[in-house]
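Atoms considered below: every heavy atom in the structure, side chains included; atoms not considered: hydrogens, waters and symmetry mates.
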Amino acid sequence: MKVTLSALDTFESSFTPLVVIELAQDVKEETKEWLKNRIIAKKKDGGAQLLFRPLLNKYEKETLENQNLYLVGASRLRLLLGAEAVGLVKECNDNTMRAFTYGTRHNFRGFDDDNDDFLTMAECQFIIKHELENLRARDEKMIPGYPQAKLYPGKSLLRRLLTSGIIIQVFPLHDNEALKKLEDSWYTRFTLKYQPVDSIRGYFGETIALYFGFLEYFTFALIPMAVIGLPYYMFVWEDYDKYVIFASFNLIWSTVILEVWKRGCANMTYRWGTLVMKRQFEEPRPGFHGVLGINSVTGREEPLYPSYKRQLRIYLVSLPFVCLCLYFSLYVMMIYFDMEAWALELHEDSGSEWTSVLLYVPSIIYAIVIEIMNRLYRYAAEFLTSWENHRLESAYQNHLVLKVLVFNFLNCFASLFYIAFVLRDMKLLRQSLATLLITSQILNQVVESLLPYWLQRKHHAQVKRKVQALKADVDATLYEQVVLEKEMGTYLGTFDDYLELFLQFGYVSLFSCVYPLAAAFAVLNNFTEVNSDALKMCRVFKRPFSEPSASIGVWQLAFETMSVISVVTNCALIGMSPQVNALFPESKVDLILIVVAAEHALLALKFILAFAIADKPRHIQIKLARLEFESLEALKQQQMKLVAENLKEELREGEKEKAA
């Protein structure tokens, strides 16, 4: 028997709260009632068909501060049907990974009608988020009670409520018991061990688990570079021609680690089900707006927006703005070099110890300015990318990553390229590279983890004192948890974390033959980064919504591009060294030709290695091919069944005509 959403009850008085919605303090009652009705209304009527209730009842509100906090949940049946709707993939009893369907639920491993653990809490919260984000305006012209908050067909209600300030935030609740177990196996004991990536995935979802898996993998992959770089740093500092072996190893290392990561990533995501999750027809992102129409591909009703308007916004506004920011970054860089020249001149005139320390001050100031500029530009890039109105979340992320990477690359590395290839000052290059790398690592540790954790501890103590004053009939545990979590910072995704690793990879690979100690500093930083990032995920930020991912996405391409650039820079640096130049005293043309030939040969080797190492292990390829074969066979059987039914119907019609 097929179960439909219309059979669900949305008026359960007691349910497990999964998501919290915080409204502004002065929201009108008619707006609250309208929002409640849209959330609990049936899907066929444009609702989300979820469960909804206030955190405090009317008697508790008289005692406590009037917190406009509401809890959202769903019945078990609603969540299972939602899992089918979003295409969650689960393991079957025959060890294969298949998209979950309610009709075949008993074929899936771990499913039982009396078992509520088939879907993880993170998956349940993802389903609720998906339903809330896809609440869209139909006939409403405005939000009830707020005539200035205009609506039009296809506009995301959640997006309009957030931008209008009616909804302050929407966030998933922590599971304190599960969180404590995760912390005990993750970061509370400072021992060298592998991270519990599967447990991280079960609690935070695939996107965050992939980041921590990549962070761990990248840290261990840096160890060979660090070990080989130490003797170069200690014994052959000035002999750049001896760095040919180190630079060649750098090339092979950067290629192999990225290709091997693809294989490990495929293993993990197949086990989690996201590798075979159908993603070709993504839902429009919540921020996407347009006139409601019919998608010509899917046949579904959704907002439509002309692509030429998006292209005009990109090329006439976004592109000139990015170019202007790049020019400003170069202008700041030239100010830094003026400061370097001033400090050097001062040191040469006096020669005292304090002026020798002063030589490092311009680099430290410039490193701090770089971090500030990167963060300010990030906000501008997010605004512009959102204004461009991309339909899919993947397209939005790709355009945002491109904008930020271009600026960050120029902002962080332009000064190093200028020193290396214009000034040709290898001593200053080493000094600047070391200062930028170490300063950025310290700043990131303080700003991202230590400072937010300290502020969060202070707020936690205040909430404890407030909850102790509550009346006994109030659910103090739930109230304390919700009030505490709503004041936590919001985790903005893995973008900044990947960006930090990307820049670190650049510092290690681009100028490895000049500063081989960079890998050692990166390893030391990343061992603490694992624990500080785990701390901020569990104790500093709100729990983020789970997001299915099959890979690290566009960051894989970004790292591969950086490895290609590193081949060119290292070949050029070795070709510029005095020892190599001494081999060609008469003809620099021969030197240039040999350096270019070596660079092309190394690039060819790199691409051969990338082609030779398969992105997916053989057993994963076989399983994916088997799934594709079975789906084609099932489609063929369905078509044959339909043809047979049509033939039977034609025969019956023919018999009726003969009988007549």
Side-chain angles (χ1 to χ4, degrees), residues 207 210-211 214-215 218 254-255 257-258 261-262 265 310 313-315 317-333 366-367 369-388 390 392-418 433 436-437 440-441 443-444 447-448 492-511 518 522 526 529 547 549 551-569 606 610:
T207 299
L210 279 174
Y211 163 69
F214 183 74
L215 172 60
F218 182 59
S254 62
T255 303
I257 66 164
L258 293 175
W261 163 253
K262 288 182 186 177
C265 180
R310 185 180 305 111
R313 291 184 174 191
I314 291 172
Y315 290 111
V317 179
S318 296
L319 184 60
F321 176 80
V322 172
C323 293
L324 182 64
C325 290
L326 295 177
Y327 172 79
F328 181 74
S329 174
L330 293 175
Y331 182 76
V332 172
M333 181 191 75
Y366 184 52
V369 171
I370 283 176
E371 290 297 320
I372 295 172
M373 289 172 61
N374 285 344
R375 294 178 186 277
L376 291 176
Y377 177 81
R378 167 74 186 276
Y379 294 124
E382 285 179 343
F383 173 80
L384 278 177
T385 311
S386 179
W387 177 71
E388 289 166 6
H390 296 280
L392 302 180
E393 183 65 27
S394 58
Y396 170 85
Q397 289 295 333
N398 289 343
H399 281 79
L400 177 61
V401 168
L402 180 61
K403 288 186 183 70
V404 174
L405 283 189
V406 168
F407 180 81
N408 277 257
F409 183 86
L410 187 77
N411 200 30
C412 294
F413 299 118
S415 61
L416 301 178
F417 279 100
Y418 186 83
L433 179 57
L436 288 174
L437 175 63
S440 65
Q441 289 178 344
L443 286 175
N444 283 324
V447 173
E448 291 183 5
L492 300 176
T494 56
F495 187 97
D496 288 330
D497 297 314
Y498 278 120
L499 181 61
E500 185 180 344
L501 289 180
F502 172 78
L503 296 177
Q504 185 186 91
F505 182 67
Y507 286 128
V508 171
S509 61
L510 285 178
F511 304 97
N526 288 359
E529 183 84 14
E547 288 291 342
S549 295
S551 67
I552 63 174
V554 70
W555 291 105
Q556 180 78 36
L557 178 61
F559 277 86
E560 290 172 355
T561 304
M562 181 70 83
S563 69
V564 171
I565 298 173
S566 70
V567 175
V568 180
T569 57
K606 174 182 174 60

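A heavy-atom distance below 4.5 Å is not found between the side chains of Phe495 and Tyr211. Annotation: side chain of Glu529 is not in contact with side chain of Gln441 (no heavy-atom distance under 4.5 Å). Annotation: side chain of Lys403 is in contact with side chain of His399 (closest heavy-atom distance under 4.5 Å). Within the 4.5 Å cutoff, the side chain of Leu436 has heavy atoms near those of the Leu416 side chain. A 4.5 Å side-chain heavy-atom check between Asn526 and Leu501 finds at least one atom pair inside the cut-off. Taking the side chain as every heavy atom from C-beta outward, Trp387 and Val317 approach each other to under 4.5 Å. In this structure the side chain of Leu210 never reaches within 4.5 angstrom of the side chain of Glu547, judged on heavy atoms. Under the 4.5 Å side-chain criterion, counting only non-hydrogen atoms from C-beta, His390 is not in contact with Asn398.
In terms of heavy-atom proximity, Leu258 sits nearest to Ser563 at CD1-OG, 4.3 Å. Of all the heavy atoms in Val404 and Tyr377, the pair that sits closest is CA-CE2, 3.8 Å. The nearest pair of heavy atoms linking Glu371 to Ser440 is OE2-CB, 3.5 Å. Considering all non-hydrogen atoms of both residues, Phe407 and Met373 come closest at CE2-O, 3.8 Å. The shortest non-hydrogen separation linking Cys412 to Ile370 is SG-CG2, 3.7 Å.
A search for side-chain hydrogen bond (donor to acceptor under 3.5 Å, both in side chains) contacts involving Ser509 returns nothing, not counting sequence neighbours. Residues satisfying the salt bridge (Lys or Arg N to Asp or Glu O under 4.0 Å) criterion with Lys606, sequence neighbours excluded, are absent altogether.
Using bins of under 30°, 30° to 60° and over 60° for the plane-to-plane angle, the ring pair Phe214/Tyr498 lands in the tilted bin.
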Per-pair distances, 0.1 Å, donor-acceptor, side chain in residues 320-331, under 3.5 Å, sequence neighbours excluded:
residue	atom	partner	partner atom	Å
Ser329	OG	Asn411	OD1	2.8

Next item on the list: Quick one: do Phe417 and Phe413 satisfy ring pair (Phe, Tyr, Trp, His ring centres under 6.0 Å)? Show the steps, please.
Entry: CA-CA 6 Å; Phe417 279 100; Phe413 299 118; 7.1 Å; no
Next item on the list: Kindly determine whether Phe502 and Asn408 satisfy side-chain contact (heavy atoms from CB on, under 4.5 Å), including the steps that lead there.
Entry: CA-CA 10 Å; Phe502 172 78; Asn408 277 257; over 6 Å; no
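Taken to the nearest 0.5 Å, the CG atom of Asn374 stands 7.0 Å off from the CG atom of Leu499. Separation of atoms CG (Leu405) and CG (Leu410) is listed at 12.5 Å; rounding is to 0.5 Å. The CZ atom of Arg375 sits 8.0 Å away from the CG atom of Leu443 when rounded to the nearest 0.5 Å. Taking CD from Gln397 and CG from Leu392, the interatomic distance works out to 11.5 Å, rounded to the nearest 0.5 Å. The CH2 atom of Trp261 lies 10.5 Å from the CZ atom of Phe559; values are rounded to the nearest 0.5 Å.
A side-chain N or O of Glu388 and one of Ser318 form a donor-acceptor pair less than 3.5 Å apart. Between the side chains of Glu560 and Gln556, at least one donor-acceptor pair of N or O atoms lies under 3.5 Å.
Side-chain atoms of Ser549 do not come within 3.5 Å of backbone N or O of Ser551 as any donor-acceptor pair. Side-chain atoms of Thr569 come within 3.5 Å of backbone atoms of Ser566 as a donor-acceptor pair (strictly under, hydrogens ignored).
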